[in-house]
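Read through the structure below, which is laid out as structure tokens, and then see the notes.
Order of appearance sets the numbers: ligands from 1, and atoms from 1 within every ligand. This one's a predicted model, so the numbers in the text were calculated from it and none came from an experiment.
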Amino acid sequence: MNENKVDVIIVGAGPAGTAAGITLARANKKVVIVERGSFAGSKNMFGGAIYDFPTCDLYPKFREEAPIERINKEHRYIINDSKSSVSLSYKKNDTENSYTVIRSKWDNWCIEQAVALGAYFSPKTTVRELIQKDGKVIGIKTDEEEFFADIVILADGVNSLLAKQIGLRKDIKDSQVAIGVKEVIKLPKEIIEQRFNLGENDGCITQIIGYPAKGFTGLGFMYTNKESITIGLGINLDELGKNKVTPNELLNNLKNHPNIYPLIKDGELIEYSAHLIPEGGFKAIPKLYGDGVMVVGDAAMLVNNVHFEGTNIAMLSGKLAAETAIEAIDSQIFSKEILSEYEEKLKNTSFYKDLKTYKDIIHIVHENSSQFLGYYPEKINQFFEMFTQTGYIPKKSLFRKYIKQFIKGRSFSRLFKDIGLFIKMFLGILK
Ligand SMILES: Cc1cc2nc3c(=O)[nH]c(=O)nc-3n(C[C@H](O)[C@H](O)[C@H](O)COP(=O)(O)OP(=O)(O)OC[C@H]3O[C@@H](n4cnc5c(N)ncnc54)[C@H](O)[C@@H]3O)c2cc1C
């Protein structure tokens with residue numbers, strides 16, 4: 001037997017790849033996880049929160065043993081204008097289904113669990129090419145060597161040059177990805193809890209609509225870590241390019257917003273990073289399998305942007321691909337017909353169904369972002385400015401002035417169109 005041959009090679013040690021690796025290791029299959037970074041997580045960034053499901057299936061002791069920053073008890077939604085904000089908060093103290101983590105620590109901890117169960121981990125190894133024979137993927141080529149496997153699982157993230165190499169994916173369009181930029185700002189634990197009104201070790205996820213991503217398809221975010229705050233935004237690449245705005249400018253505007261600045265002031269900047277986010281939704285999902293190969297996680301564009309979910313879908317797709325690989329190894333058939341079972345399994349998950357539910361919303365919002373993410377956030381803020389105003393002007397006059405402002409420069413047909421789009425999106429969810 002070729003000593004460079006194993007049952008499965010996984011490219012990428014992010015949430016998807018490691019989930020596949022630990023599932024295969026648990027089933028005693030010979031599995032190698034190859035990662036270009038110097039350790040798992042060294043190249044990765046996100047907002048970010050991980051979620052209870054399917055984390056608890058893959059890593060049953062993660063709550064006690066993993067490097068978790070905070071348990072998220074509060075979700076805040078902020079609709080920003082450049083000078084004011086309208087906020088909505090949902091807080092439940094006995095909830096425990098999402099956790100902030102730092103990827104360099106989290107990904108590293110996950111790979112340690114896979115290695116402890118028998119997976120072989122090869123960091124600092126970049127896969128340059130897939131090796132094919134008679135149309136079947138049979139291995140990988142790195143800078144130094146060739147390695148062979150019955151199945152290769154591509155968990156190499158949003159760019160997945162490897163899925164492109166074998167024709168499973170096309171070039172990514174700028175409209176199908178967002179660029180995420182973020183800063184991590186160090187602050188004492190007690191200050192974070194004070195500023196965000198949090199109990200000890202509790203966390204808050206904040207999503208920001210409107211300014212500074214005014215009119216672009218994109219949102220701002222803030223996550224509380226143990227001793228730092230993550231602040232950033234994700235903006236559609238296509239719109240950034242067309243409007244000649246840099247993500248840096250937008251992030252600075254967000255940090256200097258009068259209602260955001262007090263939350264991060266006097267903090268020390270300890271990290272700046274940027275990463276692409278798949279944004280094409282259901283319609284951008286590529287072909288998920290071929291002979292001897294399956295594609296999982298971001299490489300398969302599996303991200304739910306409406307709910308900020310990516311890691312959970314990545315983990316679940318990795319697990320399902322691994323379960324399909326186990327069946328294939330047991331039957332010794334590695335054809336695309338057998339591996340198509342992975343897609344069937346994925347289609348039955350709530351995550352896949354969610355992507356389908358939102359398949360039109362993402363595109364409607366993208367095509368009408370100047371309205372939904374620019375005009376209306378501003379008008380909502382103006383409404384509250386008017387509603388909270390006191391003085392000599394009678395309320396009736398204030399209301400009239402507001403309505404005039406609301407429709408100024410907008411035709412009635414545009415307003416009716418937007419109402420129609422809202423109804424279409426709502427009905428699309430229920431369909
Ligand atoms: C700004 C931002 C905020 C986000 N916030 C959240 C959030 O709060 N919650 C959430 O659930 N999701 C969030 N996401 C999405 C989430 O991060 C991704 O969906 C998730 O990381 C996908 O996991 P993955 O394993 O598929 O890919 P990745 O995490 O990208 O991992 C891919 C791995 O493959 C390696 N690799 C790539 N090419 C090669 C190669 N040729 N050879 C060897 N190794 C290779 C990379 O180094 C990397 O380690 C966010 C994303 C961004 C960018």
Side-chain angles (χ1 to χ4, degrees), residues 9-21 32-55 69 72 75 98-104 106-108 110-111 121-130 140-143 147 152-165 177-184 203 205-207 218-223 230-235 237 247 251 273-279 295-305 307-318 321 351:
I9 293 173
I10 298 164
V11 187
T18 305
V32 174
I33 307 169
V34 182
E35 166 59 47
R36 64 182 173 173
S38 55
F39 61 91
S42 61
K43 297 256 177 207
N44 300 339
M45 70 83 113
F46 82 150
I50 56 137
Y51 306 95
D52 223 20
F53 176 75
T55 314
E69 294 289 306
N72 296 312
H75 291 258
S98 111
Y99 312 80
T100 42
V101 299
I102 293 183
R103 287 289 297 272
S104 54
W106 170 258
D107 288 11
N108 203 30
C110 292
I111 203 78
F121 179 50
S122 176
K124 296 187 202 158
T125 312
T126 301
V127 178
R128 297 291 173 200
E129 226 178 278
L130 294 173
I140 56 164
K141 206 179 267 185
T142 70
D143 287 330
F147 294 93
V152 176
I153 296 179
L154 302 180
D156 51 340
V158 55
N159 279 322
S160 194
L161 299 176
L162 300 172
K164 212 180 111 189
Q165 182 215 324
V177 279
I179 175 96
V181 287
K182 73 164 199 183
E183 287 186 5
V184 180
I205 299 179
T206 308
Q207 261 119 41
L219 297 173
F221 56 79
M222 268 193 296
Y223 292 84
T230 295
I231 181 164
L233 28 83
I235 304 283
L237 203 56
L251 182 52
S273 52
H275 200 283
L276 291 179
I277 314 170
E279 262 214 337
V295 192
V296 297
D298 275 15
M301 307 291 268
L302 298 171
V303 170
N304 182 337
N305 301 96
H307 291 269
F308 294 89
E309 295 177 15
T311 53
N312 50 0
I313 315 178
M315 287 186 210
L316 190 62
S317 63
F351 297 143

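Between the side chain of Thr125 and the backbone N or O of Pro123 there is at least one donor-acceptor pair closer than 3.5 Å. Between the side chain of Thr18 and the main chain of Pro15, no donor-acceptor pair closer than 3.5 Å is present. In this structure a side-chain-to-backbone donor-acceptor pair under 3.5 Å is missing from Glu279 to Asn305.
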For a distance cut-off of 3.5 Å, show me each N or O of ligand 1 paired with any protein N or O, plus the separation.
unit_1   : atom_1 : unit_2 : atom_2 : d
ligand 1 : 5 (N)  : Gly47  : N      : 3.0
ligand 1 : 8 (O)  : Ala49  : N      : 2.9
ligand 1 : 8 (O)  : Tyr223 : OH     : 3.1
ligand 1 : 9 (N)  : Ala49  : O      : 2.8
ligand 1 : 9 (N)  : Phe308 : O      : 3.3
ligand 1 : 11 (O) : Ala49  : O      : 3.4
ligand 1 : 11 (O) : Gly310 : N      : 3.0
ligand 1 : 11 (O) : Thr311 : N      : 2.8
ligand 1 : 11 (O) : Thr311 : OG1    : 2.6
ligand 1 : 12 (N) : Gly310 : N      : 3.4
ligand 1 : 17 (O) : Arg103 : NH1    : 3.3
ligand 1 : 19 (O) : Asp298 : OD1    : 2.7
ligand 1 : 21 (O) : Arg103 : NH1    : 2.9
ligand 1 : 21 (O) : Arg103 : NH2    : 3.4
ligand 1 : 25 (O) : Pro15  : N      : 3.2
ligand 1 : 25 (O) : Ala16  : N      : 3.0
ligand 1 : 26 (O) : Asp298 : N      : 2.8
ligand 1 : 29 (O) : Arg103 : NH2    : 2.7
ligand 1 : 41 (N) : Val127 : O      : 3.0
ligand 1 : 42 (N) : Val127 : N      : 3.0
ligand 1 : 44 (N) : Arg36  : N      : 3.1
ligand 1 : 47 (O) : Glu35  : OE2    : 2.6
ligand 1 : 47 (O) : Arg36  : NE     : 2.8
ligand 1 : 49 (O) : Glu35  : OE1    : 2.6
ligand 1 : 49 (O) : Glu35  : OE2    : 3.2
ligand 1 : 49 (O) : Asn44  : OD1    : 3.2
ligand 1 : 49 (O) : Asn44  : ND2    : 3.1

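By the side-chain hydrogen bond (donor to acceptor under 3.5 Å, both in side chains) test, Lys164 pairs with Asp171, sequence neighbours left out.
Between Phe147 and Val32 there is no side-chain heavy-atom pair separated by less than 4.5 Å.
Shown here for Asn72 and Ala49, the closest heavy-atom pair between the two residues is ND2-CB, 3.9 Å.
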